[in-house]
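Quick note: residue numbers are just sequence positions, from 1. Predicted model only: the values in this text are computed from it and were never measured.
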Amino acid sequence: MRDVLRVKFELGLFDQPYVADPAAADQIVQNKQADSIALALNQESIVLLKNKANLLPLKTGQYKKILVTGALATDGSYATSRYGPNNNKVTTVLEGIQQFIQNQHVGTEVSYTLGAKVLSHDWPKSELIASQPDADEKAAIEKAVQAAKKSDVIIAVLGENNKTVGEGYSRSSLGLPGKQLDLLRALKGTGKPIVLVLITGQPLTINWPNENIPAIMTAGFPGPQGGTAIAEALFGAYNPGGRLSMTWPKSVGQIQFNFPFKNGSQLDQNGPHKKEGYGHSRVNGPLYPFGYGLSYTSFKYNDLQISPEDKHTQGNIHVTCKVTNSGSVAGDEVVQLYLKDLYSSVTTYNSVLRGFQRVHLKSGETKTVSFELVPDDLSLINRDMHRVVEPGDFEIRIGSSSEDIRLKQTITVNE
């Protein structure tokens, strides 16, 4: 509340509560600069979750017939805000794909069929009791299957909308709602390559798609230019470099499933199939870990430098490493720094994120990434409820996600 009042005072709202010229806002809202920033925000939030056999990016001209399916390909209601501007022109995913292909002049045909609505006829009962599609849903799925058989590649735009996610809404499942998974399974049966684009406001337990669909990307709930951003990412005009800010579980039974976590709270049990992530009685580990995201290129990490390696509790630590784009196209890498307290007087997190940087690298380019750790980054609350930095060993980890650690080194903190 204090900050709200401070901002109001700084803006002079207590002296002049009304805007003198309301029309002046039209000069800065939705102008070219604002639209450019909005498009960049949508692009940078796209996360590539899977890309088997490098199906993505789709090469324009290679596929003569593209089928787009799913209700969320044509529904852009998720892109407008009830707490802000809601009259912006929305470019849906289908429109974004059509416009992109049209601008390429490659003669590719883009067709659309519904396939499946977001909600089924028996929603929300279907969250608890699995049911078969009704006659209308079967017909829509079958129509999509027939269209898929005549196409070279399928882009399925599935997920959630503002009837399943939002203030006052909750779900009993984190799977694809309605009969969307039925649609995806039917499309898989055609043998045609499938790209799954997820529109969602929360992590989803997409275990079957992760096992069976070759390419998956998630766009969250993008803004009005989301369709343009998604199309550019699909066809390689933009290389996705976003990372997950939440852990995606395999089952709602794992909730709360979060990062950071404490040892023993979420780790795998010992068992005969531990390498596959299975314990004696349950499935462990995330579907996609915190900080996860793929790219159309690859990155190499090397030359980790930490200064000083032995420090006092009140000193700063300077960390650098070199990152090289070892692939053939330009892309963004999100370099993440995690810290692990190896010995402590109280239980601490397995590791914590203490910094990240998103760097753009051309093919073959190398950049040095720097981080500065301050004493508070190494601190904990001890048994006397005092925040302190305890002497001991800490492991500094640098990587591309919380589980994809490329470089690490132990430092010692002295009194």
Side-chain angles (χ1 to χ4, degrees), residues 42-70 73 93 96-97 100-101 103-104 106-110 148 151-159 184 187-199 206-219 228-244 248 287-289 291-301 323-335 358-366 399-401 403-404 406:
N42 282 278
Q43 290 173 327
E44 292 184 10
S45 65
I46 293 174
V47 182
L48 182 62
L49 298 177
K50 184 180 178 182
N51 194 21
K52 185 177 181 180
N54 294 322
L55 175 59
L56 292 176
L58 299 174
K59 298 177 178 61
T60 53
Q62 178 179 353
Y63 302 101
K64 297 302 182 183
K65 293 184 177 182
I66 298 175
L67 171 66
V68 181
T69 186
V93 178
I97 293 172
F100 186 90
I101 292 298
N103 292 338
Q104 300 303 305
V106 292
T108 298
E109 176 186 338
V110 178
S151 302
D152 300 316
V153 67
I154 304 163
I155 301 174
V157 188
L158 311 178
L184 207 54
L187 294 173
K188 172 70 175 177
T190 66
K192 298 300 177 72
I194 303 173
V195 178
L196 172 60
V197 176
L198 291 172
I199 305 294
I206 53 167
N207 298 291
W208 190 91
N210 183 61
E211 286 286 329
N212 295 279
I213 303 304
I216 306 172
M217 67 168 54
T218 179
T228 300
I230 291 170
E232 290 179 351
L234 287 171
F235 292 96
Y238 179 81
N239 185 353
R243 297 294 187 270
L244 295 181
W248 283 41
L287 182 62
Y288 306 115
Y292 175 82
L294 304 177
S295 172
Y296 295 151
T297 189
S298 57
F299 300 92
K300 290 184 178 180
Y301 290 61
V323 181
T324 302
N325 183 342
S326 55
S328 58
V329 297
D332 290 0
E333 174 69 339
V334 180
V335 184
R358 183 167 183 153
V359 293
H360 182 78
L361 295 167
K362 299 176 183 178
S363 176
E365 185 180 7
T366 298
S400 188
S401 82
E403 294 193 355
D404 184 8
R406 309 290 183 87

Minimum heavy-atom distance between [X] and [Y], given as atom pair plus value:
X	Y	value
Gly327	Ser363	O-OG, 2.6 Å
Leu55	Ile194	CD2-O, 3.7 Å
Leu158	Gly70	CD2-CA, 3.9 Å
His360	Glu365	O-OE1, 4.1 Å
Ile216	Pro209	CD1-O, 3.7 Å
Arg358	Glu44	NH1-O, 2.9 Å

Pairwise side-chain contact, [X] with [Y], heavy-atom cut-off 4.5 Å (strictly under):
X	Y	value
Leu234	Met217	yes
Ile213	Trp208	yes
Leu48	Ile46	no
Glu232	Phe100	yes
Ile97	Phe235	yes

Notebook entry, point to check: Would Arg243 and Ser400 count as a side-chain contact (heavy atoms from CB on, under 4.5 Å) if you check the C-alpha gap in whole Å, the side-chain angles of each, and the deciding distance to 0.1 Å?
Noted result: CA-CA 9 Å; Arg243 297 294 187 270; Ser400 188; 3.6 Å; yes
Donor-acceptor contact below 3.5 Å, side chain [X] vs main chain [Y]:
X	Y	value
Ser295	Gly241	no
Asn239	Tyr296	yes
Ser401	Glu403	yes

Next item on the list: Using the test side chain to side chain donor-acceptor pair (under 3.5 Å), find all partners of Thr108 that sit at least two apart in sequence or belong to another chain.
Entry: none
With [X], which residues qualify under side chain to side chain contact (heavy atoms under 4.5 Å, CB included), at least two apart?
X	value
Thr366	Lys322, Thr324
Thr190	Val145, Ala148, Lys149, Ile154, Lys192
Val47	Leu49, Thr218, Leu244

Item checked: Residue list, salt bridge (charged side-chain N to carboxylate O under 4.0 Å, His left out) with Asp404, at least two apart or on another chain -> Arg406
Notebook entry, point to check: Measuring from Thr69:OG1 to Leu184:CG, what's the distance to the nearest 0.5 Å?
Noted result: 9.5 Å
Notebook entry, point to check: Is it true that the side chains of Asn325 and Thr297 contain a donor and an acceptor less than 3.5 Å apart?
Noted result: yes
Check: Side chains of Glu333 and Tyr301: is there a donor and an acceptor less than 3.5 Å apart?
Finding: yes
Checklist line | CA sep, side-chain torsions, deciding dist, call: Asp332, Tyr238, side-chain contact (heavy atoms from CB on, under 4.5 Å) | finding: CA-CA 10 Å; Asp332 290 0; Tyr238 179 81; 4.0 Å; yes
Next item on the list: Take Leu198 and Leu196 through the side-chain contact (heavy atoms from CB on, under 4.5 Å) test and state the conclusion after the steps.
Entry: CA-CA 6 Å; Leu198 291 172; Leu196 172 60; 4.0 Å; yes
Expected list for residues 58-67: side-chain donor-acceptor pairs under 3.5 angstrom, two or more places apart:
from: Lys64; atom 1: NZ; to: Gly61; atom 2: O; distance (Å): 3.4

